[in-house]
Amino acid sequence: MKKTVKTLVAAGLMVAAASSMFAAKKKAPAKKLITVGYAQVGAESDWRLANTTSFKETFTEANGYKLIFDDAQQKQENQIKAIRSFIQQDVDYIVVAPVVETGWGTVLQEAKAAGIPVILSDRQMTGVDDLYLCWVGGNFLQEGRDGVKWLEGYLKKIGRDKDEINIVDLQGTIGASAQIGRTQGIEEGIAAHKNWKLVAQQTGEFTQSKGQEVMESILKSTPKIDVVFAENDNMAWGAIDAIKAAGKKPGKDIIIICFDAVHETFNKMIAGEINCAVECNPLHGPRVDEIIKTLEAKGPKGIKSKIQYVVEEVFDQENAAAKLPTRKY
Ligand code: GZL
């Protein structure tokens, strides 16, 4: 009898232990997702598509985020509306790729009043340094200077460093950091060479179609063009179509230097149609993720620097084929 009772008691204890174990194993409350509102410029270029993909692949539920994404179709008023919507939704962080540098004070003040931190990615804002936590992106002035430096070396290599060189600058969206910095680097370079002349400068709005349209018009009105700086890849691709339609050989009759260095541009360098591509790395998602995780763990004091540049290289027809297999965008 005693043995039976003992066995029953032991069995009862085991059942109690097992059920408390299951109780403990009951799903822990789901960790709260960090909600991020991302105000993207638009979808104007292959660089922009790669930048958007980088954010969408990084800010996933699996990585602890709820991403609210807005495409502003390259209009500042749409980005401002998006930021106001993020404030109404009381997101945890607002990330902005500002289409132009000015006009953000009022809406960033509203974000500050709502206690929502703002992080900038890609392009910069001016006059609101106290209203955003930090910025990550490319060094646009250095990119312009790197394009000039490459041209100096190339002209020397082909024995044309003493020639009269007529240069066209297809600018990006006027007022965008990438346009401001690249244009400054290019203009500095032209001013430093008495045999270089800027014969045409016009915005192609970072799009292929506008780049082609502007280049067609410049080709009609400018008898001798030696070099085209296109302030992004897509405008260079449009310029190539215009140059071919005018019966000239891009990359040979007219040297082409562009900025971004996305995958298709490598193909065009290998085909001999583009001479040089200065990289502007669009993979900002992981960098902004790192910044937010730091803020979550340590607060603003954990942010090492307000301005954080991404790593960028210069590519040309000599290294394009070797580099292409490792390109991530
Ligand atoms: C650069 C980015 C520019 C790219 C263009 O960081 O702002 O905008 O160079 C894009 O392709 O449209």
Side-chain angles (χ1 to χ4, degrees), residues 139-174 178-206 208 210-261 265 268-280 313-320:
N139 186 334
F140 307 119
L141 175 55
Q142 190 53 50
E143 292 169 9
R145 288 171 175 164
D146 288 345
V148 166
K149 187 159 169 272
W150 181 88
L151 179 61
E152 286 168 344
Y154 183 68
L155 290 173
K156 202 165 183 63
K157 191 177 120 194
I158 62 174
R160 293 190 61 194
D161 53 312
K162 302 279 186 281
D163 290 4
E164 284 298 314
I165 301 294
N166 284 357
I167 295 171
V168 169
D169 178 13
L170 294 179
Q171 294 177 291
T173 303
I174 299 300
Q179 175 272 312
I180 293 168
R182 291 168 188 166
T183 295
Q184 183 184 336
I186 293 163
E187 288 178 343
E188 275 176 3
I190 293 169
H193 294 79
K194 60 183 187 322
N195 58 322
W196 292 11
K197 187 176 170 213
L198 183 62
V199 293
Q201 184 178 52
Q202 196 175 337
T203 181
E205 293 165 8
F206 284 134
Q208 183 166 348
K210 191 71 180 166
Q212 179 170 349
E213 181 193 316
V214 167
M215 193 66 213
E216 282 164 355
S217 143
I218 292 170
L219 281 160
K220 287 194 186 96
S221 60
T222 315
K224 177 180 176 288
I225 298 171
D226 300 292
V227 176
V228 170
F229 279 104
E231 293 182 4
N232 87 327
D233 287 0
N234 293 74
M235 294 191 294
W237 305 347
I240 285 169
D241 290 342
I243 291 166
K244 284 179 176 173
K248 293 177 190 278
K249 290 194 187 70
K252 292 180 183 47
D253 300 333
I254 296 179
I255 296 163
I256 297 186
I257 299 158
C258 60
F259 300 84
D260 283 348
T265 285
K268 291 187 185 310
M269 282 192 280
I270 292 164
E273 294 181 336
I274 288 180
N275 301 84
C276 168
V278 179
E279 182 179 24
C280 178
E313 292 182 63
V314 178
F315 305 104
D316 62 18
Q317 292 176 6
E318 290 186 6
N319 62 16

Assess whether a salt bridge exists between E164 and K224, defined as any Lys/Arg side-chain N lying under 4.0 Å from an Asp/Glu carboxylate O.
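No, no charged N to carboxylate O under 4.0 Å.
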Closer than 4.0 angstrom, basic N to acidic O: yes or no for D226 and R160?
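Between R160 and D226 there is a salt bridge, with a charged N closer than 4.0 Å to a carboxylate O.
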Minimum heavy-atom separation for [X] to [Y], with atom names?
{"X": "I270", "Y": "A320", "result": "CG1-CB, 4.0 Å"}
{"X": "G185", "Y": "L141", "result": "N-CD1, 3.6 Å"}
{"X": "K210", "Y": "G204", "result": "CB-O, 3.1 Å"}
{"X": "P250", "Y": "I256", "result": "CB-CD1, 3.8 Å"}
{"X": "L170", "Y": "G211", "result": "CD1-O, 4.3 Å"}

Gap between atom [atom2] of [Y] and atom [atom1] of [X] - 0.5 Å precision:
{"X": "E143", "Y": "E279", "atom1": "CD", "atom2": "CD", "value": "8.5 Å"}
{"X": "Q208", "Y": "I240", "atom1": "CD", "atom2": "CD1", "value": "9.0 Å"}
{"X": "I225", "Y": "K248", "atom1": "CD1", "atom2": "NZ", "value": "7.0 Å"}
{"X": "I186", "Y": "L198", "atom1": "CD1", "atom2": "CG", "value": "9.0 Å"}
{"X": "C280", "Y": "D146", "atom1": "SG", "atom2": "CG", "value": "11.5 Å"}
{"X": "K249", "Y": "I243", "atom1": "NZ", "atom2": "CD1", "value": "12.5 Å"}

Can you name the residues that form a side-chain contact (heavy atoms from CB on, under 4.5 Å) with [X], not counting sequence neighbours?
{"X": "K156", "result": "D161"}
{"X": "K149", "result": "E152"}
{"X": "A277", "result": "C258, A261, T265, M269"}

Looking at [Y], is its backbone amide N or carbonyl O close enough to the side chain of [X] to form a donor-acceptor pair, meaning the two atoms are under 3.5 Å apart?
{"X": "E231", "Y": "F206", "value": "no"}
{"X": "N195", "Y": "D163", "value": "yes"}
{"X": "N319", "Y": "D316", "value": "yes"}

Would you call [X] and [Y] a side-chain contact if the rule is heavy atoms closer than 4.5 Å?
{"X": "I167", "Y": "F229", "value": "yes"}
{"X": "N166", "Y": "T222", "value": "no"}
{"X": "V227", "Y": "W196", "value": "no"}
{"X": "V228", "Y": "I218", "value": "no"}
{"X": "Q201", "Y": "Q171", "value": "yes"}
{"X": "W150", "Y": "I255", "value": "yes"}
{"X": "V214", "Y": "M235", "value": "no"}

Taking atom types as modelled, is there a side-chain donor on E216 or Q212 under 3.5 Å from an acceptor on the other?
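Q212 and E216 do have a side-chain donor-acceptor pair below 3.5 Å.
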Is the closest side-chain donor-acceptor distance between T183 and Q179 under 3.5 Å?
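A donor-acceptor contact under 3.5 Å links the two side chains.
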